[in-house]
*Asks:* 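Once you've had a glance at the structure underneath, I'll fire off some questions.
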Amino acid sequence: MRSLLVTGGAGFVGAHLALASKRARPASRVVALDNLCRRGSERNLERLAAGGVEFVHGDVRCRTDLEAIAGDFELIVDAAADPSVTAGLGGSPESLVATNLLGTVHTLELARARGSAFVLLSSSRVYSLEALRALPLVAEDSRYALAAGALPAGASARGIGEGFSTAGARSFYGATKLASELLVEEYAAHHGVRAVVNRCGVIAGPGQFGRADQGVFSLWLARHLDGGPLAYTGFEGSGRQVRDLLHPDDLFELLERQWGEVSAWCGQVYNVGGGLSGAVSLREWTQVCAEATGCPRAVASRPESHPVDVAYYVSDTARAEARFGWKPARGPRQIADDLTRWLRAGGPA
Ligand SMILES: NC(=O)c1ccc[n+]([C@@H]2O[C@H](COP(=O)([O-])OP(=O)(O)OC[C@H]3O[C@@H](n4cnc5c(N)ncnc54)[C@H](O)[C@@H]3O)[C@@H](O)[C@H]2O)c1
């Protein structure tokens with residue numbers, strides 16, 4: 001019987017992957033482990049139960065919580081994290097490191113002990129802040145775009161590829177993800193754990209409990225519905241900053257394709273995102289939100305940029321596309337429509 005364990009399985013991405021996997025293979029065993037520290041994650045427990053996903057209340061910082069789960073798993077998806085890019089910046093990063101790095105090591109240990117394949121949900125935040133900030137950009141009407149001409153290694157008109165610099169500071173969050181990636185490589189090389197790393201850009205869609213420091217695109221749409229305040233922050237307050245959005249259904253489709261080739265996994269890294277067709281500036285996203293919700297809103301402007309923010313990030317997904325024959329199919333408008341439907345049906349607290 002196919003079996004899957006998702007850590008962080010009550011979170012936005014984890015719950016989505018767990019439920020989608022159970023739907024795709026109703027006879028399989030799917031377990032979601034979570035300590036429910038993310039506000040809103042407790043609201044997913046009913047959905048998980050209704051979808052036939054077993055829930056285990058546990059903490060990845062505690063090795064014995066993982067060891068106590070009975071049974072073997074064909075695949076473990078590591079989706080438990082403090083996913084905030086600002087985590088650790090206001091004080092000690094100890095708790096972030098315990099969850100994001102030590103938690104990954106504990107989960108890798110479980111994979112080693114049970115002979116499971118392993119997927120790390122890493123982040124585009126592993127890339128060098130300085131190198132991303134040095135990208136040559138031009139300010140177009142509604143967004144920044146890469147300037148024509150020479151680009152640094154790893155960057156092209158398609159966006160940022162896996163070869164882009166990871167040197168220098170990036171954020172404590174990005175550092176925990178990069179360190180986790182290195183540990184995945186070691187487990188693959190020395191313990192034979194079949195593993196892949198998916199370096200995700202922005203994932204957005206229904207089920208996300210968006211906050212200003214994480215999930216801002218989902219929060220932005222929610223604010224269109226509830227009338228809460230909106231402000232373009234940083235980069236002269238213009239809203240021209242660009243990200244590529246990935247729908248969680250597209251991530252699941254990639255996971256399915258990857259799962260079909262587990263025997264070839266040896267720690268490879270893939271940039272995973274919405275790519276050029278999923279790229280949108282915050283200013284353009286405001287327009288998409290207005291159209292999807294029917295609620296246009298005024299947006300204030302705060303020019304000062306946050307120390308770990310960047311003006312432009314678009315994932316170049318060529319490597320994953322070539323390897324798995326995968327392509328993200330759901331663009332910003334579908335993400336906005338699906339989010340609107342979910343929020344109108346009750347959404348988060
Ligand atoms: N959403 C994105 O845009 C995005 C982008 C890149 C990478 N990722 C990565 O994808 C993964 C899932 O992110 P998400 O957006 O679903 O975040 P999320 O906060 O919705 O989900 C994370 C879940 O992990 C749980 N968790 C936190 N600490 C835990 C611990 N010590 N033990 C057990 N559970 C714990 C939380 O309660 C939460 O339910 C994370 O690893 C994140 O870094 C997300």
Side-chain angles (χ1 to χ4, degrees), residues 5-19 31-45 47-48 55-66 69 76-87 94-107 110 118-127 170-181 184 197-211 213-220 243-248 250-252 254-255 270-274 278 313 315 335 339 348:
L5 170 65
V6 183
T7 65
F12 162 49
V13 177
H16 201 95
L17 297 179
L19 285 163
V31 176
L33 173 133
D34 205 294
N35 71 352
L36 303 180
C37 69
R38 174 79 183 243
R39 188 173 159 269
S41 58
E42 71 288 349
R43 291 173 58 97
N44 274 329
L45 298 188
R47 282 173 68 215
L48 292 171
F55 175 69
V56 173
H57 189 274
D59 194 313
V60 293
R61 291 171 295 185
C62 193
R63 196 162 40 85
T64 50
D65 280 8
L66 289 158
I69 308 172
I76 299 176
V77 175
D78 180 347
D82 179 340
S84 166
V85 71
T86 58
E94 226 176 308
S95 127
L96 176 75
V97 171
T99 292
N100 291 13
L101 180 54
L102 194 59
T104 292
V105 173
H106 290 160
T107 312
L110 188 74
F118 183 93
V119 175
L120 174 68
L121 291 186
S122 186
S123 164
S124 57
R125 290 292 185 167
V126 300
Y127 294 115
R170 51 197 70 68
S171 71
F172 283 112
Y173 167 69
T176 62
K177 289 295 186 181
L178 187 57
S180 294
E181 290 189 5
V184 169
V197 171
N198 289 330
R199 266 183 198 161
C200 302
V202 173
I203 310 167
Q208 187 165 37
F209 313 105
R211 303 185 309 218
D213 63 332
Q214 203 263 342
V216 73
F217 283 84
S218 295
L219 177 68
W220 204 263
R243 296 291 186 275
D244 57 320
L245 309 189
L246 182 70
H247 194 293
D250 279 322
L251 179 60
F252 177 67
L254 173 65
L255 183 70
Y270 298 98
N271 272 7
V272 173
Y313 185 86
S315 318
I335 290 172
L339 260 166

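Every number for a ligand or one of its atoms is a count from 1 in the order of the listing.
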*Asks:* Which residues pass the side-chain hydrogen bond (donor to acceptor under 3.5 Å, both in side chains) test with Tyr173, not counting sequence neighbours?
*Replies:* none

*Asks:* I'd like to know if the side chain of Asp78 pairs up with that of Thr104 as donor and acceptor (distance under 3.5 Å, no hydrogens or angles considered).
*Replies:* yes

*Asks:* Where the side chain of Ser180 meets the backbone of Ser122, is there a donor-acceptor pair that is under 3.5 Å apart?
*Replies:* no

*Asks:* Residue by residue, ordered by chain and number, which ones reach under 4.0 Å of ligand 1 with a heavy atom?
*Replies:* Gly8, Ala10, Gly11, Phe12, Val13, Asp34, Asn35, Leu36, Cys37, Arg38, Ser41, Gly58, Asp59, Val60, Arg61, Ala79, Ala80, Ala81, Pro83, Thr99, Leu121, Ser122, Tyr173, Lys177, Cys200, Gly201, Val202, Ile203, Gln208, Gln214

*Asks:* Using a 3.5 Å distance criterion without hydrogens, assess whether the side chain of Arg38 forms a donor-acceptor pair with backbone atoms of Phe209.
*Replies:* yes

*Asks:* Restricting to side-chain hydrogen bond (donor to acceptor under 3.5 Å, both in side chains), what partner residues turn up for Arg125, sequence neighbours left out?
*Replies:* none

*Asks:* For Phe252, give me all partners under ring pair (Phe, Tyr, Trp, His ring centres under 6.0 Å), at least two apart in sequence or on another chain.
*Replies:* none

